[in-house]
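Below, chain A is the first sequence line, B the second, and so on; all start at residue 1.
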2 protein chains.
Amino acid sequence: MAHQVTIKDLARHLNVSVATISRALRDMPEIKPETRQAVLQLAKEWDYQPNILATSLVKSRTKTIGVIVPDLAYHFFASVIKGIEAEAIARGYSLLLTQTSELYERELINVQNLSRGQVEGFIISLSQETVDLDHLKRLQRKGIPLVFFDRDAQELDVSKVMVDNVGAAYEATKHLIDNGCKRIAFLAGPQSVTVSNQRLEGYGNALKDHGMLVEDELILHGEYALSKAVAITHHLLNLENRPDGLIVVSDRLAVGAISALKARNIKIPDEVAVVSFNDEPICTVITPTLSSVAQPTLDIGRNATSLLIDEIEDAAGTFKPEIQILKTQLIVRESSQRLK
Amino acid sequence: MAHQVTIKDLARHLNVSVATISRALRDMPEIKPETRQAVLQLAKEWDYQPNILATSLVKSRTKTIGVIVPDLAYHFFASVIKGIEAEAIARGYSLLLTQTSELYERELINVQNLSRGQVEGFIISLSQETVDLDHLKRLQRKGIPLVFFDRDAQELDVSKVMVDNVGAAYEATKHLIDNGCKRIAFLAGPQSVTVSNQRLEGYGNALKDHGMLVEDELILHGEYALSKAVAITHHLLNLENRPDGLIVVSDRLAVGAISALKARNIKIPDEVAVVSFNDEPICTVITPTLSSVAQPTLDIGRNATSLLIDEIEDAAGTFKPEIQILKTQLIVRESSQRLK
DNA sequence: CTGAAAGCGCTTACAG
DNA sequence: CTGAAAGCGCTTACAG
């Protein structure tokens with residue numbers, strides 16, 4: 001590997017000290033204009049790039065944020081990352097993006113690697129497997145700030161940017177009730193996932209507020225796997241008293257549910273109406289188009305980043321963790337809109 | 001921000017030199033077992049993490065690869081990244097993931113930032129806007145290795161992992177011909193995109209080999225935008241002699257084409273058969289399910305990484321750039337399968 | 001306006 | 001088996 005041009009090379013060639021080079025490159029006012037000119041010109045000519053490792057080391061600052069998400073291929077996360085990126089760039093920070101593939105072990109490794117002086121703070125959405133929080137508590141002990149979004153850990157007193165999942169599910173459920181559904185099932189995620197549980201709660205609240213029963217046989221937990229969603233839907237359809245409405249915890253799983261419904265020639269929305277969450281692009285493409293609750297992904301990313309940087313740059317030590325609950329928006333499409 | 005534990009802190013507390021700490025932590029054989037024990041225990045107790053910036057600086061090695069893709073939200077790139085990640089981890093390298101949002105300017109900035117001592121090599125898929133290659137030539141001049149995948153620049157003599165787009169399009173076109181299509185249109189990407197042009201070439205070859213004419217009015221270039229695909233499809237349908245087969249350069253655009261066909265009540269595949277490229281998850285979900293050419297994304301990522309690391313670690317200086325052309329696989333679904 | 005020196009957190013010959 | 005010293009590529013008081 002070729003030798004990179006350093007400040008020393010420039011200094012030697014121009015017969016000045018490295019200190020002068022350093023100052024000239026950073027436009028410090030005390031440098032004589034001719035000197036600065038010469039330095040800048042040579043730097044350009046030799047395509048000098050300052051070594052960011054050295055700068056970070058001496059300044060004890062990297063201006064870099066570590067981002068850890070379950071999977072970059074999930075549209076939701078890719079979309080939140082766009083928000084994170086926008087805010088980070090605007091405030092002069094770089095990103096280190098990593099994914100855990102939903103594995104606790106990879107989350108642990110990513111946190112450890114990045115906390116070896118590489119980042120000044122973390123934005124994290126927990127892996128599905130994560131139960132043990134030691135890796136995150138260690139960050140806190142070291143004073144490295146941390147912000148959660150989407151999948152948090154209740155136990156930790158840190159900033160969080162969440163959406164009002166209870167309210168979102170309430171609205172979705174009410175929407176089905178308004179469209180005449182009498183028996184609404186809920187296809188949930190794993191029992192351990194907060195987001196899923198909150199949506200379940202909103203669903204329950206809506207049923208109760210409208211004089212309907214919350215029935216255990218209508219609440220089923222799957223993993224985040226399409227095949228599981230298909231199986232659960234078939235199970236629901238085999239019930240003696242089958243549901244006429246279905247709330248699915250994610251679009252991804254809703255795709256499975258819809259294919260099961262289609263396979264049995266069940267009319268959507270007339271026999272079973274469906275609403276899900278996330279409003280991924282797929283919702284507009286599937287037949288029937290899928291009603292879904294949209295999350296403000298860009299804002300989630302932007303706000304999480306803003307909170308994190310505020311905390312990083314809080315010299316006074318007065319920063320208090322802040323929990324933001326952003327509003328969602330139900331997008332009604334064919335899968336739930338019954339023509340009365 | 002709290003002070004991170006350093007080698008110096010450990011040395012002071014144990015009354016040994018930093019050199020001894022450094023050696024003990026890295027399990028060097030010359031250290032006395034008791035000393036090593038004491039060091040390791042204290043390091044654990046204090047949760048010591050070596051500062052990777054310092055290590056990288058002194059070793060002049062980061063064992064990190066920079067990855068630059070147009071958009072992480074494109075399923076294709078997210079999927080290739082999984083392959084890159086797998087190989088990188090296996091060979092002890094880390095990744096720095098960045099996206100350009102298809103902007104040349106962001107590509108330039110990403111290349112510059114990462115080449116400030118942060119990465120030892122790059123895996124790049126060019127942004128749609130990229131024409132000027134100076135930023136990449138500068139990398140070459142500095143001896144920083146570079147591997148392309150998917151979207152390359154012909155001009156540069158570097159390793160590339162591509163797919164046989166000509167062959168893939170030939171197969172897709174032949175498939176439509178075999179299914180009785182007599183007039184096959186091609187919805188291409190921008191004129192400057194190599195991948196699109198290669199597919200166009202395969203399409204032309206197939207037509208010629210089967211005694212069909214290549215007609216300019218049946219070849220239309222769009223941007224990678226859904227609305228554009230819709231408009232182009234309508235235009236095709238308005239032709240005096242309209243096509244009965246359609247090859248679309250990406251699944252994303254095919255979704256637009258299909259929605260235009262549906263809007264005009266054209267039967268797929270009987271009136272117009274459709275095949276596209278990439279085999280994204282959407283193909284199995286859309287109605288009708290979409291025939292598409294699958295790319296070996298994991299292999300693309302793995303092979304690109306393997307080539308890059310081989311070049312990085314090529315002490316002998318004997319590495320020669322290698323161009324790999326991987327095979328694709330046509331996945332036939334409803335949109336192109338006519339029942340004869 | 002410029003330079004010598006110390007230091008960021010490590011590693012590594014060299015000496016003992 | 002261990003330590004002192006030099007050095008990776010920078011920045012920054014301090015002195016002149």
It should be established whether [X] places a side-chain nitrogen or oxygen under 4.0 Å from OP1 or OP2 of nucleotide [N].
| X | N | value |
| --- | --- | --- |
| A/R116 | C/dG9 | no |
| B/R26 | C/dT12 | yes |
| B/K8 | C/dG7 | no |
| B/S22 | C/dT11 | yes |
| B/T20 | D/dG3 | yes |
| B/Y48 | C/dG9 | no |

(request) Using a heavy-atom cut-off of under 4.0 Å over every strand shown, decide if B/S56 touches base, sugar-phosphate, or nothing. (result) nothing
(request) For B/E34, report the nucleic acid contact type (base, sugar-phosphate, nothing); a contact means any heavy atom under 4.0 Å. (result) nothing
Rounded off to whole Å, could you give me the [atom1]-to-[atom2] distance for the [X] and [N] pair?
| X | N | atom1 | atom2 | result |
| --- | --- | --- | --- | --- |
| B/D9 | C/dG9 | CG | P | 8 Å |
| A/Q118 | C/dG9 | CD | P | 16 Å |
| B/M28 | C/dT12 | CE | P | 7 Å |
| A/D27 | C/dC1 | CG | P | 13 Å |
| A/I21 | D/dT12 | CD1 | P | 16 Å |
| A/E30 | D/dC14 | CD | C1' | 13 Å |
| A/K63 | D/dC10 | NZ | P | 19 Å |
| B/L53 | C/dC10 | CG | P | 10 Å |

Distance-only check: which donor-acceptor pairs under 3.5 Å involve side-chain atoms of residues 18-25 of chain B, not counting sequence neighbours?
unit_1 : atom_1 : unit_2 : atom_2 : d
B/T20  : OG1    : B/S17  : OG     : 3.2
B/S22  : OG     : B/R26  : NH2    : 2.7

(message) If you assign each of B/P29 and B/K59 to its closest nucleotide in DNA chain D, which residue comes earlier from the 5' end?
(response) B/P29
(message) Which is more 5' along DNA chain D, the nucleotide nearest B/A54 or the one nearest B/K32? Just name the residue.
(response) B/K32
I want to verify a distance call: between [options], whose nearest atom is closest to the [X] side chain?
| X | options | value |
| --- | --- | --- |
| A/N51 | C/dT11, D/dT12, D/dG9 | D/dG9 |
| B/T35 | D/dT11, D/dC8, D/dT2 | D/dT2 |
| A/V16 | C/dG3, D/dG3, D/dC10 | C/dG3 |
| B/I7 | C/dG3, D/dC10, C/dT11 | C/dT11 |

(message) So that I can tick it off, tell me whether B/D47 and A/R141 are bridged by a salt bridge, with the cut-off set at under 4.0 angstrom between side-chain N and carboxylate O.
(response) no
Quick check: do [X] and [Y] have side-chain heavy atoms less than 4.5 Å from each other?
| X | Y | value |
| --- | --- | --- |
| B/R61 | B/T55 | no |
| B/Y93 | B/E87 | no |
| B/L96 | B/V67 | no |
| A/H75 | A/T297 | no |
| B/L298 | B/K82 | yes |

(request) Could you give me the stems involving DNA chain C, meaning stretches of three or more consecutive Watson-Crick or G-U wobble pairs whose two defining distances are both below 3.5 Å? (result) C:1-3 with D:14-16, C:5-12 with D:5-12, C:14-16 with D:1-3
(request) Tell me, please, which residues at least two apart from B/E313 pass salt bridge (Lys or Arg N to Asp or Glu O under 4.0 Å). (result) B/R91
(request) For residues 37-46 of chain B, pull every pair meeting salt bridge (Lys or Arg N to Asp or Glu O under 4.0 Å), keeping only residues two or more places apart or in separate chains. (result) none
Donor-acceptor contacts, no H, no angles, side chain residues 144-161 of chain B, under 3.5 Å, sequence neighbours left out:
unit_1 : atom_1 : unit_2 : atom_2 : d
B/R151 : NH1    : B/E102 : OE1    : 3.0
B/R151 : NH1    : B/L126 : O      : 2.9
B/R151 : NH2    : B/E102 : OE2    : 2.8
B/D152 : OD2    : B/K160 : NZ     : 3.0
B/E155 : OE2    : B/K137 : NZ     : 2.9
B/S159 : OG     : B/E322 : N      : 3.0
B/K160 : NZ     : B/A153 : O      : 3.2

Every protein N/O within reach of nucleotides 4-6 of chain C N/O, cut-off under 3.5 Å:
none

(message) Under a 3.5 Å cutoff, is there a donor and acceptor pairing between the side chains of B/H135 and B/E107?
(response) yes
(request) Considering only atom P, compute the distance from C/dA4 to D/dG7 and round it to an integer number of Å. (result) 16 Å
